[in-house]
Amino acid sequence: MKRLPTKVSADVWTGRTDHTERRSSFRYHQVVELVDLDQWLPSADNTCAMIGFECEEGVRRNQGRVGAAKAPNAIRQALASLPWKLQEGNRIVDVGNIRCENEKLEEAQEELGQAVSDILSKSAVPIILGGGHETLYGHYLGVRKHTGKEASLGIINIDAHFDLRSYESQPSSGTMFRQILEYDKNSRYFVLGIQRFGNTQELFDKADELGVRYVYEEDMTAEQMDDIISELKEFIEKHDHVMLTLCTDVLNAAFAPGVSAPSPFGLTPMVVRSLIRTVATHKKTLSFDICEVNPVLDENGRTVKLGAYLTNEAIMGFLGGHNDDVGT
């Protein structure tokens with residue numbers, strides 16, 4: 001029996017109100033619609049649909065610091081008071097949360113995949129709020145179910161780590177891309193922000209073996225960003241569809257201390273924002289997830305707030321909130 005997402009409480013979506021009728025004064029909490037996924041009928045409007053994945057089982061299996069299961073609602077609360085910059089004809093809905101229970105990660109990923117596929121079938125853009133980075137595999141299952149096995153799929157990951165570990169004993173938050181690439185010959189993987197000393201040589205060897213394209217964190221300077229954006233666009237153009245995932249441990253720990261594996265040499269928020277804008281504004285991009293925000297380990301809500309701002313960038317990109325040439 002298919003398990004549907006659990007609706008979030010309306011109390012999560014509360015925030016400052018400047019005006020109750022003037023749309024130019026509205027914030028997220030005034031426009032978001034809480035819906036039942038199985039009863040929701042899509043409209044002709046451009047729509048993003050948020051779904052949370054309350055899961056950290058993959059992080060636990062990967063011997064990381066747990067706490068990311070609390071991120072979906074924390075990100076929602078941080079989003080609630082952000083200004084809503086889009087006019088009529090653009091919708092944001094919230095279909096609730098999938099929760100991983102009793103350490104049944106694989107079952108929860110299947111449930112997330114079904115929900116993502118359902119969202120895509122309603123001509124909406126899934127915005128997935130993780131959870132550990134194991135969220136990505138459920139995200140992928142839903143996208144692949146929607147596109148069919150024959151379509152070429154480009155997976156773009158903004159991350160300090162390859163997540164290409166062996167899953168022979170069990171899947172975790174460090175195995176997802178290897179799981180995908182070894183079984184899906186029509187998928188390709190591009191990761192930006194790789195830490196030279198955040199991955200073993202074995203993982204670099206496996207990346208080369210599987211044909212992974214990657215850019216080192218140290219090479220993502222302001223002077224080189226134009227070339228990197230061009231390379232990213234070239235990758236997108238080679239595929240029928242694209243999905244985007246952000247692991248917030250790619251960010252410098254000074255900006256994002258509340259993650260499972262903080263990065264002393266991580267990227268700046270401005271670089272990550274540019275990457276998100278570039279991918280989210282492209283017509284081939286189907287979906288977005290944000291992972292590894294950990295409210296339990298956060299300092300003064302800094303990582304949660306940054307995660308909300310980056311999620312907002314993705315939503316604005318998908319719904320046309322940026323010019324076509326953003327990121328170039």
Side-chain angles (χ1 to χ4, degrees), residues 64-65 68 71 74-75 78-79 82-83 85 127 129-130 132-133 135-136 155-163 189-199 213-236 242 244-282 285 288-295 297-318 321-323 325-328:
R65 304 189 300 171
I75 294 173
L79 272 171
L82 287 189
K85 291 288 189 176
I127 303 293
L129 310 176
H133 209 180
T135 302
L136 176 277
I155 304 172
I156 297 171
N157 181 24
I158 308 172
D159 199 340
H161 307 104
F162 284 116
D163 293 335
Y189 177 32
F190 188 7
V191 55
L192 303 105
I194 285 294
Q195 291 275 344
R196 190 180 296 273
F197 292 100
N199 301 268
R213 294 177 68 171
Y214 55 91
V215 180
Y216 287 116
E217 162 271 325
E218 63 201 64
D219 292 334
M220 300 186 70
T221 63
E223 294 76 19
Q224 298 188 65
M225 280 305 294
D226 284 347
D227 290 339
I228 291 169
I229 294 296
S230 295
E231 186 178 357
L232 189 54
K233 290 181 176 179
E234 177 190 338
F235 177 83
I236 294 172
V242 169
L244 173 62
T245 176
L246 167 64
C247 185
T248 51
D249 68 16
V250 75
L251 288 148
N252 187 293
F255 302 103
V259 297
S260 177
S263 296
F265 293 116
L267 302 179
T268 67
M270 290 72 76
V271 166
V272 174
R273 178 175 64 181
S274 180
L275 298 174
I276 290 174
R277 287 181 174 182
T278 298
V279 181
T281 55
H282 201 286
T285 307
F288 168 78
D289 73 57
I290 179 170
C291 301
E292 299 284 356
V293 172
N294 190 328
L297 300 172
D298 207 6
E299 297 175 3
N300 299 318
R302 288 156 56 197
T303 312
V304 169
K305 185 173 183 178
L306 177 56
Y309 271 70
L310 293 174
T311 300
N312 174 65
E313 290 290 342
I315 293 169
M316 291 297 111
F318 282 117
H322 295 301
N323 296 325
D325 61 351
V326 163
T328 58

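Keep in mind that the numbers below use all heavy atoms, side chains included, and drop hydrogens, waters and symmetry copies.
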Subject >> By side-chain hydrogen bond (donor to acceptor under 3.5 Å, both in side chains) - contacts of Asp163 (at least two apart) >> reply: His133

From [X] atom [atom1] to [Y] atom [atom2], the distance as rounded to the nearest 0.5 Å:
X: Ile276; Y: Thr281; atom1: CD1; atom2: OG1; result: 11.5 Å
X: Ile229; Y: Leu275; atom1: CD1; atom2: CG; result: 5.0 Å
X: Arg196; Y: Glu218; atom1: CZ; atom2: CD; result: 4.0 Å
X: Ile156; Y: Thr278; atom1: CD1; atom2: OG1; result: 9.5 Å

[X] side chain near [Y] side chain, heavy-atom distance below 4.5 Å:
X: Ile315; Y: Phe288; result: no
X: Pro262; Y: Arg65; result: yes
X: Tyr309; Y: Arg273; result: no
X: Val250; Y: Ile194; result: no
X: Ile158; Y: Leu244; result: yes
X: Glu217; Y: Phe265; result: yes
X: Thr135; Y: Thr245; result: no

**OP:** List in chain and number order the residues that pass side-chain contact (heavy atoms from CB on, under 4.5 Å) with Asp219, two or more places apart in sequence or in another chain; answer none if no residue qualifies.
**Re:** Val215, Tyr216, Gln224

**OP:** Would you please name every residue forming a side-chain contact (heavy atoms from CB on, under 4.5 Å) with Pro257, sequence neighbours left out?
**Re:** Asp298, Glu299, Arg302, Thr303

**OP:** For residues 246-258, pull every pair meeting side-chain hydrogen bond (donor to acceptor under 3.5 Å, both in side chains), keeping only residues two or more places apart or in separate chains.
**Re:** His161-Asp249

Original post:
Any side-chain hydrogen bond (donor to acceptor under 3.5 Å, both in side chains) pairs touching residues 260-272, not counting sequence neighbours?
Top reply: none

[X] and [Y]: which non-hydrogen atoms are nearest, and at how many Å?
X: Gly130; Y: Ile75; answer: O-CD1, 4.4 Å
X: Ile228; Y: Leu192; answer: CG2-CD2, 3.7 Å
X: Val279; Y: Thr285; answer: O-OG1, 2.7 Å
X: Gly193; Y: Leu267; answer: CA-CD1, 4.1 Å
X: Glu292; Y: Cys247; answer: CG-SG, 3.3 Å

Original post:
Under the 3.5 angstrom rule, does the side chain of Thr311 hit a backbone N or O of Gly307 as a donor-acceptor pair?
Top reply: yes

Subject >> Residue Tyr214 excluded, over 12 heavy atoms near OH under 6.0 Å >> reply: yes

Original post:
Would Asn157 and Leu136 satisfy side-chain contact (heavy atoms from CB on, under 4.5 Å), going step by step from the backbone distance to the final call?
Top reply: CA-CA 10 Å; Asn157 181 24; Leu136 176 277; over 6 Å; no

Original post:
Who are the ring pair (Phe, Tyr, Trp, His ring centres under 6.0 Å) partners of Tyr189, not counting sequence neighbours?
Top reply: Phe177

